[in-house]
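Right, one structure below, let's go through it.
Labels below follow one simple rule: chain letters A, B, ... track the order of the sequence lines, proteins then strands, and each chain is numbered from 1.
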Amino acid sequence: MAEIRARFRKQFGTFRLDVDLRLPTQGVSVLFGRSGSGKTTLLRCMAGLEQSADGYFVIDNEVWQDGRYSLPTHQRSLGYVFQDARLFPHLDVAANLDFGRRRAGSEGQRIDRAAIIDLLGIEHLLTRLPDRLSGGEQQRVAIARALLTGPRLLLMDEPLAALDHARKQEILPYLDRLHEQLAIPIVYVSHAPEEVARLADHLVLLENGRVSAQGLAAETMARLDLPLRFGEEAGVVFDATVLARDAEWHLARVAFAGGELWVRDTGAAVGRHVRLRVLARDVSIALSETDSSILNSLPAVVDDHAADDHPALVIVRLRVGGMPLLARLTRRSAAALHLRKQQQVWIQIKAVALIG
Amino acid sequence: MSDGDLTAILLTLRLASLTTVILLVLCTPLAWWLARTASRWKAPIGAVVALPLVLPPTVLGFYLLVTLGPQGPVGQITQSLGLGVLPFSFAGLVVASVLYSLPFVVQPLQQAFAAIGNGPLEAAATLRASPLDTFVHVVLPLARPGFITAAILGFAHTVGEFGVVLMIGGNIPNKTRVISVQIYDHVEAMDYAAAHWLSGGLVLFSFLVLLALYALNPAARGNYRG
């Protein structure tokens, strides 16, 4: 069975990392947690940059660490993208890109250099020195540099954390493209719900050095029992397909497992797979289908509910077809509607974000 | 300028060049270790390396004379190896100069290495570079300003030494009589004109060296002690 198996224990003063994970060898696994939850340490253990005395790390039957045996970092077929790009300041962009590629030998030669440069849109930067690049450009070069070694595993440590909002929006589309076009597994550390929603296929929640939940991103994000939620950003993500585009209203009709929705037309072609995000605060519940300004109204079944961060609020989980959705309402509204499990209701979705 | 002056100048340049080369080779691993280690030996070894900064050169010269001399422990070894004794020879002068100028080469290198930090080393490791490969292709280029500073300071400081030379080298023409000793001789002989030529030349040389250091390498400004 192709999988990534990671077991690490490490003590840092009073902090203790203790994880045992199985990650898929496809798609993006996001390690999510607050700062200090151990997510970066875990990633560094995977890379061999941090030594865990009693660690075990296997990718596709290739053992990188087993107890005291630990393959040195430079012999591991991995790419690592640091928070700060860490380009070599004495080398221009092209030489930075070729630094790892040359050393990776045949693995690096397998990778189409021009295609990676094109994928990250850095063709026009090749002769520049790193200090002549913006933060976003540096990070794109760093990602390309890591990919050009032809790694079996790409590790990314909050690659967007050091960038401002505009630079983040500049890089996210490139990350979407990586996600779509590359076959290698990516382990991505983040504390930003937006990035989780956009990129995660598999989600691991870390708290105080331990795994508090993990699983498919859509399911894990819709769980009500998790001690670590996304606060204001609570919501679900799911995949959909573009069915039609309405030129008059600039809307697109998309189909997902629970039905069909109208979303703002972002130019995605008919037939394309898109990822949608629905925040709990944008979902309201009605007992019947009513006329309103809200475009998206769907029948749903109440599944469960849980207390929210504020005592005035509850989070309700509903099922639309087979899909879980979260709705945030006041406790007063929930009481007025007499909501109970398995009740048939209508949900109104005020906003659906199309995220790549 | 007399033949004696010219001989002294050539001897000084030979001594300073050789000393600088030996120091760069010796100090690169030492400075790397001092910059990277968390060992409890870091402080004592760092202090020993810095000793020549504060000791009077005569003290250093005196102990070297005792250690390298015929009765000293190192002297016994060099004699049993058939190398004779080092004091009052050019080789002895080189050994003394290396020790005397050590901190002027170690410290700029150590600071340059420390300033690089872990970031580039870890990045290189994730790009398949072995530690030696990383040292040659990442650390050395990034530490280049430190190497320039270290070489210039090591060379200039060796040119300017006097006390150690007098103690360990004596005053033998074409063997140990360097510029500073030659100036001393001129002054003792009341030949102030000759002393002026050499002294003025040394002032000019030192000024040019420091000018080159500051102009070529602005980052080095105030980056060393001494």
Which of the residues B/Leu127, B/Thr134, B/Asn118, B/Thr126 is involved in the greatest number of heavy-atom pairs with chain A at under 4.5 angstrom?
-> B/Leu127
Quick check: are there more than 12 heavy atoms from other residues, nucleotides or ligands sitting under 6.0 Å from CZ of B/Phe62?
-> no
Has A/Tyr174 got more than 12 heavy atoms of other residues, nucleotides or ligands less than 6.0 Å from its OH?
-> yes
Where at least one partner belongs to residues 29-45 of chain B, residue pairs that pass salt bridge (charged side-chain N to carboxylate O under 4.0 Å, His left out), sequence neighbours excluded | none
Could you pull out every donor-acceptor pair under 3.5 Å between side chains of residues 89-96 of chain A and any protein atom, sequence neighbours left out?
from	atom 1	to	atom 2	distance (Å)
A/His90	NE2	B/His137	O	3.1
A/Asp92	OD1	A/Ala94	N	3.3
A/Asp92	OD1	A/Ala95	N	2.8
A/Asn96	OD1	A/Phe88	N	2.8
A/Asn96	OD1	A/Arg145	NH1	3.0
A/Asn96	ND2	A/Phe88	O	3.1
A/Asn96	ND2	A/Leu91	O	2.9
A/Asn96	ND2	A/Asp92	O	3.2

Given that the side chain runs from C-beta out, which part of A/Glu107 has a heavy atom under 4.5 Å from chain B: side chain, backbone, both or neither?
-> side chain
If we only count heavy atoms from C-beta on, is the B/Ser130 to A/Arg103 side-chain gap below 4.5 Å?
-> no
Considering residues, nucleotides and ligands other than B/Phe207, do more than 12 of their heavy atoms fall under 6.0 Å from its CZ?
-> no
Search all heavy atoms of B/Ala123 against all heavy atoms of A/Phe82 and return the closest pair with its distance.
-> CA-CE1, 3.7 Å
Verify, without hydrogens or angle tests, whether B/Arg128 (side chain) and A/Thr73 (backbone) share a donor-acceptor contact under 3.5 angstrom.
-> no
For A/Arg132, does the CZ atom sit with more than 12 other heavy atoms under 6.0 Å from it, leaving out its own atoms?
-> no
Please test B/Glu122 against A/Tyr80 for side-chain contact (heavy atoms from CB on, under 4.5 Å), starting from the C-alpha separation and ending with a verdict.
-> CA-CA 9 Å; B/Glu122 288 182 354; A/Tyr80 200 105; over 6 Å; no
Given the options A/Ser77, A/Ala85, A/Pro72, A/Ala142, which has more heavy-atom pairs under 4.5 Å with chain B than any of the others?
-> A/Ser77
Okay, A/Ala47 and chain B: the region with an atom under 4.5 Å from a heavy atom over there is neither
